[in-house]
Amino acid sequence: MPIDAVTALAAPPRTTDLAWEAKDVLLYHLGVGAGAQRPAIDPDELRYTYEKDLQVLPSFVTVAGGGLAKAGVFTLPGLDINLANVLHGGQRIELHRPVPVEGRAVLTSSLAAAYDKGKAAVLVMRGEAADEQGPLWTTDTEVFVRGEGGFGGERGESKRIALPERAPEWEREAPVRHDQALLYRLSGDWNPLHADPDFAKLAGFDRPILHGLCSYGTTLKAVVDTVLGGDASRVRSYGTRFAGIFFPGETLRIRVWDEDGKRLLVSATSVDRADAPVLADTVITYN
């Protein structure tokens, strides 16, 4: 059944309860490579991997309390989608204040936009989390749905961010463990594409690929450590487009350009595959 964008966009928001504790934060940090690139007892790593003075990497909000998986937007009226045709196209988070190490929140989810690309649809799912003290974060998750275009909606803009022609102010390589996807999936993304070689071959890959949101978190950690003095609370927003696949065991090359002391442009590529793009159109704002 084709997408009924009018019905889906008009559907009332859905709410669900989120809860997380320190061990969830620790597991997520291990899942995006904390403690693996320097001695595990390095103080710069312990701020991610030890409960004493623990901080929260903002990308944790994509998995907090079940995170995006709890949004339930695909079950909205007007959407009848085969999840096998869904690709995660992009992710943006906005932090209204630092994420607490332990907390409870209510997540309000809705369909923010539906674009008709002809042979495919692009859906933007919005999640807004708040606790007793007020708003915590907002997420926009962009998904590409193959074969679901032609419903007559707006095409939407194709936003691309050109990187500066000058050399980046910072460049860092982040080796990714061979078992990284197996660690990351414990935070809630159980897609066998990231663990089962036979399933990966059915999907057209010669081996399991890394979760896009794992590359997303790994890149943010590298930027926080390299540019922001290791202080994750300085991140205000972080958006990206998933531009290509990445395999566990490869090395990410992360380049960063500072635009104005408040906005960073970032690229992430695979060192092992001649700088094949992994994340593109990536912007981090900070204070």
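The salt bridge (charged side-chain N to carboxylate O under 4.0 Å, His left out) analysis of residues 233-248, with sequence neighbours excluded, yields the pairs Arg241-Asp281. Applying the salt bridge (charged side-chain N to carboxylate O under 4.0 Å, His left out) test to every pair with at least one member in residues 175-194, sequence neighbours left out, gives these pairs: Arg177-Asp179. Applying the salt bridge (charged side-chain N to carboxylate O under 4.0 Å, His left out) test to every pair with at least one member in residues 100-119, sequence neighbours left out, gives no pairs at all.
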- Just do the side chain to side chain donor-acceptor pair (under 3.5 Å) check on Thr108 and Thr15 with the steps written out, would you? CA-CA 4 Å; Thr108 303; Thr15 60; 5.9 Å; no
- Task: For the pair Gln91 and Thr141, evaluate side chain to side chain donor-acceptor pair (under 3.5 Å) and give the outcome as yes or no after the intermediate values.
- Result: CA-CA 5 Å; Gln91 185 66 51; Thr141 303; 3.1 Å; yes
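Tyr216 and Tyr238 have parallel rings, their planes meeting at less than 30° on a 0 to 90° scale where 60° marks the start of perpendicular.
Electrostatic pairing of Arg126 and Glu142 does not count as a salt bridge here, judged by no charged N lying under 4.0 Å from a carboxylate O.
Annotation: salt bridge (charged side-chain N to carboxylate O under 4.0 Å, His left out) contacts of Arg47 (sequence neighbours excluded): Asp44, Asp225. Looking at residues two or more places apart in sequence or on another chain, you find a side-chain contact (heavy atoms from CB on, under 4.5 Å) between Pro277 and Ala243.
Heavy-atom minimum distance, Glu171 versus Pro168: OE1-CG, 4.1 Å.
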Just list the side-chain donor-acceptor pairs under 3.5 Å for residues 50-59, sequence neighbours left out, or say none.
residue: Gln55; atom: OE1; partner: Ala232; partner atom: N; Å: 3.0
residue: Gln55; atom: NE2; partner: Gly230; partner atom: O; Å: 2.8
residue: Ser59; atom: OG; partner: Tyr28; partner atom: OH; Å: 2.7

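Seen from the ring of Phe247, Arg207 counts as a face-on cation partner, given the 6.0 Å and 45° thresholds.
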